[in-house]
Amino acid sequence: MFKKKYNVSIIDGKWLPIKRGIKLTCIPRIDEFIYLNEIYYRVVSVIHQLAEKQEIVIVVELLSEKPKIKLIENQ
């Protein structure tokens, strides 16, 4: 019924912030794609910091072209 929202920051491989404070209900895995501001990114690493408040940092790399994704229908 209620889904927990995670507060996530997205950074590039040089640790420069791309977007901070994004609310997500699910955390992407390594090698998944993120579509943000009309640009595709590939997830390189996911970092969980456990302190008073859980903080999640997603390290991404910019894709030079749109990924070729094949959708499969459930049967």
Side-chain angles (χ1 to χ4, degrees):
M1 187 168 148
F2 296 105
K3 292 186 177 182
K4 182 175 182 175
K5 291 193 176 180
Y6 299 98
N7 193 10
V8 176
S9 297
I10 298 177
I11 60 174
D12 65 5
K14 297 177 185 175
W15 293 81
L16 299 173
I18 296 173
K19 189 89 172 176
R20 292 184 182 191
I22 298 174
K23 301 280 187 189
L24 297 178
T25 54
C26 63
I27 305 303
R29 297 178 183 166
I30 295 174
D31 290 332
E32 288 186 340
F33 299 112
I34 295 177
Y35 185 69
L36 183 65
N37 299 330
E38 299 183 11
I39 300 173
Y40 283 95
Y41 297 94
R42 185 178 72 83
V43 176
V44 176
S45 182
V46 180
I47 302 167
H48 294 263
Q49 180 179 351
L50 301 175
E52 290 179 21
K53 191 174 177 183
Q54 182 180 9
E55 184 178 345
I56 300 171
V57 177
I58 300 173
V59 182
V60 296
E61 72 177 359
L62 178 66
L63 293 178
S64 58
E65 59 185 46
K66 182 178 176 183
K68 295 175 183 172
I69 301 171
K70 182 178 179 183
L71 299 177
I72 301 172
E73 292 185 28
N74 291 337
Q75 296 182 6

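As a basis for the values below, the full set of heavy atoms in this structure was taken, side chains included, without hydrogen atoms, waters or symmetry mates.
- Residues satisfying the side chain to side chain contact (heavy atoms under 4.5 Å, CB included) test with S9, not counting sequence neighbours, are R20.
- Here I22 pairs with I10, K19, L24 under the side chain to side chain contact (heavy atoms under 4.5 Å, CB included) rule; sequence neighbours left out.
- Hydrophobic clustering (side-chain heavy atoms under 4.5 Å, transitive across Ile, Leu, Val, Met, Phe, Trp, Tyr) keeps I11 apart from I34.
- Inter-residue side-chain proximity for Y41 and I18 is flagged as met; some heavy-atom pair is nearer than 4.5 Å.
- Between V57 and E55 the shortest side-chain heavy-atom distance falls below 4.5 Å.
- The side chain to side chain contact (heavy atoms under 4.5 Å, CB included) check on S64 picks up nothing, with sequence neighbours excluded.
- Each of V44, V43, I47 was evaluated against I58; a single residue qualifies, V43, per the side-chain contact (heavy atoms from CB on, under 4.5 Å) test.
- Partners of L63 according to the side chain to side chain contact (heavy atoms under 4.5 Å, CB included) rule, which considers only residues two or more places apart in sequence or in another chain, are F33, Y40, R42, P67.
- Residues R29 and E32 share a closest heavy-atom pair of N-OE1, 2.9 Å.
- As a member of the Ile/Leu/Val/Met/Phe/Trp/Tyr network built from side-chain separations under 4.5 Å, L16 groups with nothing else and remains a singleton.
- Under the 4.5 Å side-chain heavy-atom criterion for grouping Ile, Leu, Val, Met, Phe, Trp and Tyr, I30 is not connected to L36 through any hydrophobic cluster.
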Task: Candidate pair D12 and L62, rule side-chain contact (heavy atoms from CB on, under 4.5 Å), full reasoning - done: CA-CA 8 Å; D12 65 5; L62 178 66; over 6 Å; no

